[in-house]
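Okay, so here's the structure we're looking at.
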Protein chains: 2
Amino acid sequence: MEKMGRRERERQARRQEILDVAEKLFAQKGFFKTTLAEIADASEFGMATLYQFFPSKEEIYFTLITEKTEQLFSLIEKAVSRFDSSMDKLKALVTTAFNFFEDHRDFFKIFISERSGFEWMAKEDLGLRINQLYERYLMMLQNIIEEGINRKEIRPLNPAEIAYGLAGMINSFIFQWILKPVKRPLKSRIQNLLTMLFEGIAISHKKNA
Amino acid sequence: MEKMGRRERERQARRQEILDVAEKLFAQKGFFKTTLAEIADASEFGMATLYQFFPSKEEIYFTLITEKTEQLFSLIEKAVSRFDSSMDKLKALVTTAFNFFEDHRDFFKIFISERSGFEWMAKEDLGLRINQLYERYLMMLQNIIEEGINRKEIRPLNPAEIAYGLAGMINSFIFQWILKPVKRPLKSRIQNLLTMLFEGIAISHKKNA
DNA sequence: TCTAAATTAGAATGATTATTCTAATTTAGA
DNA sequence: TCTAAATTAGAATAATCATTCTAATTTAGA
C-alpha cells in the first residue's frame with residue numbers, strides 16, 4: 001500500500017485536489033448547479049484532465065461522499081470499540097461525529113442534503129449506494145442500543161426507533177450549528193445532547209404510578 | 001373570500017391540479033430532474049397554460065412548499081393551543097405532524113429534502129423564504145419548551161437545542177417510515193418518540209451522586 | 001349565430017453544460 | 001538532446017430544457 005513511486009503519488013495528490021475543490025463547490029451550490037467548468041477552473045485543471053480521473057460528474061460527487069463517509073465510519077467504529085458500557089459507546093459516537101463534522105463542514109452539507117434528498121433515491125446505483133452507507137450507520141447505532149438493552153443499561157424500547165431518533169438528533173444539532181454562524185464550538189453541545197438522550201427532557205414527578 | 005364565480009372557481013381548480021401533479025413528480029424525481037414538459041404532460045395542460053398560472057418552474061415548486069407548509073403549521077398551532085401543559089402540547093404537535101405527513105408523503109419528501117438541501121440556501125429569495133418557514137417551526141417548538149421550563153415541567157436545558165433535537169427526531173422518524181414500506185402506521189410510533197423524548201433512554205440507577 | 005377576447009396546444013428559441021475531440025505541451029528515459 | 005508516450009488545455013459537440021411564440025380553439029355575451 002505504501003509503495004508508490006513519485007508518479008503515482010503525484011497522481012493521487014491531483015486526484016485529491018480535484019475532490020477537495022469539488023467538495024467546496026458542491027457544498028456551496030449543490031450538485032446540479034455546480035458545473036464541471038467551475039471545478040476545472042477552481043482546480044486549475046482542464047476539462048479533459050478531470051475526465052482522466054473520473055468518468056463523470058456524478059462519479060466525482062459519489063466518490064467524494066463515499067470516501068469521506070467511510071473515513072467517518074471507521075473513526076466512529078474505532079472510537080466506539082474503546083468502551084464497554086453502552087452509554088460510553090454512544091458518547092464516543094456522538095463525540096466522534098461532532099468532531100469530524102466540525103472539521104468538515106463542507107462535507108456535512110453534502111452528506112446531509114444527499115441523505116435527505118430523495119433526488120437520487122430513485123435513480124439506480126448512486127442513490128442506492130448512498131443509502132446503503134447510511135443504513136450501515138444506523139445499524140451501528142442500533143447494535144449499540146440493542147446491546148445496551150441486553151445489559152439493562154437502556155430501556156427496552158424499539159432499538160431501531162431509538163437509532164432513528166438519535167441519528168435525527170445528531171444531524172439536527174450539526175445542521176443548526178452549521179446554519180448559524182455561531183462562535184461556540186459544536187462539541188460544547190455534546191453534553192446537552194447526551195443529557196437529553198439519556199435522561200429525557202421531562203422533570204419526573206415520581207409519577208410512575 | 002367565498003365569493004367566486006364559476007370562472008374563478010374553475011381556474012383555482014386547475015391551478016390546484018397543476019400543483020398536485022407537480023408535487024407528485026417533484027417528490028419522485030426532485031426539482032432539477034423534473035421537467036416542465038412532464039408536468040404539462042401529466043396534468044394534461046400545454047406548456048403555455050402552466051405559464052399562465054405560474055411565472056416559472058421555481059415558483060411552482062415554491063408555491064407548493066409554502067402552501068402546504070402553512071397548512072401544516074396552522075394545524076399544529078391549532079392543535080397545540082388546545083392544551084395547557086407542555087407535555088400535552090408537545091404530544092399534540094408530534095401527533096399533528098405525524099398525521100399530516102402520513103397523509104402527505106409526497107409533500108414530506110419535498111419538505112425534508114428542501115429543508116436539508118443546501119441547494120437553494122445560497123440562492124436568494126427561494127432559499128431564504130423556505131428557511132424562514134422552518135425557523136418559524138423551530139420557534140414554535142422553542143416557545144413551548146421555554147414555557148415548559150418556566151412551568152417546571154421541563155428540565156432547564158438550552159431550549160433552542162431541545163428544539164433542534166426534537167425536530168430532528170421527528171423528521172428522522174417520518175423519514176424512515178417513508179423510506180421503508182412498512183405496514184405499521186406512522187402514528188403507532190408517536191408514543192415511543194415521546195417516551196424517548198420525555199424520559200430518555202437510560203435506565204436510571206439512582207446514580208445522581 | 002356571431003365575434004372579439006381569452007385560453008390553449010405544441011413547436012421554435014436560446015441558453016446552458018456534460019462530454020468528447022484536437023492540437024499542443026510535457027515527461028521519461030535513452 | 002531527442003522522441004514517443006502521456007498529459008493537458010480549451011474549443012467543438014450534442015443534448016437537454018426553461019421559456020416564448022404562433023396559430024388555433026374555445027368562450028361569453030350580444
Side-chain angles (χ1 to χ4, degrees), chain A residues 3-26 28-65 110 119-120 122-127, chain B residues 3-19 21-26 28-65 119-120 122-127:
Chain A
K3 270 279 127 72
M4 269 197 283
R6 178 179 57 76
R7 204 130 244 267
E8 182 59 14
R9 232 176 315 120
E10 283 181 6
R11 192 180 163 77
Q12 287 304 318
R14 276 193 294 261
R15 190 187 111 107
Q16 194 55 51
E17 174 72 15
I18 294 173
L19 288 177
D20 289 346
V21 164
E23 177 176 328
K24 188 165 303 173
L25 290 171
F26 282 137
Q28 216 156 73
K29 340 193 350 172
F31 177 79
F32 291 101
K33 304 224 284 194
T34 301
T35 69
L36 275 190
E38 287 171 318
I39 298 177
D41 253 29
S43 63
E44 297 175 60
F45 288 112
M47 295 263 183
T49 312
L50 299 186
Y51 278 88
Q52 203 65 20
F53 287 90
F54 302 96
S56 71
K57 182 183 171 187
E58 288 191 6
E59 200 58 31
I60 296 179
Y61 191 64
F62 181 68
T63 303
L64 194 60
I65 294 178
I110 298 173
E119 308 246 335
W120 295 110
K123 252 209 103 184
E124 64 279 70
D125 216 31
L126 242 201
Chain B
K3 272 276 125 75
M4 269 197 285
R6 177 179 57 79
R7 203 129 243 267
E8 181 60 12
R9 232 175 316 119
E10 282 182 5
R11 193 180 162 75
Q12 287 304 317
R14 276 194 293 263
R15 190 187 111 108
Q16 194 55 51
E17 173 71 16
I18 294 172
L19 288 177
V21 164
E23 177 176 328
K24 187 165 303 174
L25 289 172
F26 282 137
Q28 214 158 72
K29 340 191 356 173
F31 176 81
F32 290 101
K33 304 224 283 192
T34 301
T35 69
L36 276 191
E38 286 171 320
I39 298 177
D41 253 30
S43 63
E44 298 175 57
F45 288 114
M47 295 261 183
T49 312
L50 299 186
Y51 278 88
Q52 204 65 19
F53 288 90
F54 302 96
S56 70
K57 182 183 171 187
E58 288 191 5
E59 201 57 32
I60 297 179
Y61 192 64
F62 182 68
T63 303
L64 194 60
I65 294 179
E119 307 248 335
W120 296 110
K123 253 208 104 181
E124 63 279 70
D125 215 30
L126 242 203

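Note that the structure is a prediction, hence the values are computed from the model and not measured. Worth knowing before you read on, the calculation uses all heavy atoms, side chains too, and leaves out hydrogens, waters and symmetry mates. Letters go in sequence order (proteins before strands), and every chain restarts at 1.
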**Message:** Which nucleotide wins on minimum distance to the side chain of A:A48, given the candidates C:dC21, C:dA9, C:dT19?
**Reply:**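 Nucleotide nearest to A:A48's side chain: C:dC21.
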Considering only heavy side-chain atoms of B:Q52, the closest of D:dA18, C:dT8, D:dT8 is C:dT8
Without decimals, in angstroms, what is the distance between [X] [atom1] and [N] [atom2]?
{"X": "A:K33", "N": "D:dA18", "atom1": "NZ", "atom2": "P", "value": "13 Å"}
{"X": "A:L36", "N": "D:dA9", "atom1": "CG", "atom2": "C1'", "value": "15 Å"}
{"X": "A:M47", "N": "C:dT17", "atom1": "CE", "atom2": "C1'", "value": "8 Å"}
{"X": "A:E58", "N": "C:dA18", "atom1": "CD", "atom2": "P", "value": "11 Å"}
{"X": "A:L50", "N": "D:dT7", "atom1": "CG", "atom2": "C1'", "value": "13 Å"}
{"X": "B:I39", "N": "D:dC17", "atom1": "CD1", "atom2": "P", "value": "12 Å"}
{"X": "B:F32", "N": "D:dA18", "atom1": "CZ", "atom2": "P", "value": "11 Å"}
{"X": "A:K57", "N": "C:dT16", "atom1": "NZ", "atom2": "C1'", "value": "11 Å"}

Only residue of B:T34, B:V21, B:I65 satisfying side chain to side chain contact (heavy atoms under 4.5 Å, CB included) with B:F26 is B:T34
Under-4.0 Å side-chain N/O to phosphate OP1/OP2 contact, A:R14 with D:dT8: yes
Does OP1 or OP2 of C:dA9 have a side-chain N or O of B:T49 closer than 4.0 Å?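 B:T49 to C:dA9 OP1/OP2: side-chain N or O found under 4.0 Å.
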Practice item. State, yes or no, whether a side-chain contact exists between B:S43 and B:T49 at a heavy-atom distance under 4.5 Å. Key: no
- [ ] Check whether any side-chain N or O of B:E59 sits under 3.5 Å from a backbone N or O of B:S56 as a donor-acceptor pair, and report yes or no.
- [x] no
- Got a donor-acceptor contact below 3.5 angstrom from the A:K57 side chain to the A:F31 backbone? yes
If pairing means Watson-Crick or G-U wobble with both distances under 3.5 Å, then the partner of D:dT20 is C:dA11
Taking a pair to mean Watson-Crick or G-U wobble geometry with both distances below 3.5 Å, C:dT26 pairs with D:dA5
query: Within 45° of the ring axis of B:F53 and under 6.0 Å from its six-membered ring centre, is that where the NZ or CZ of B:R11 lies?
result: yes
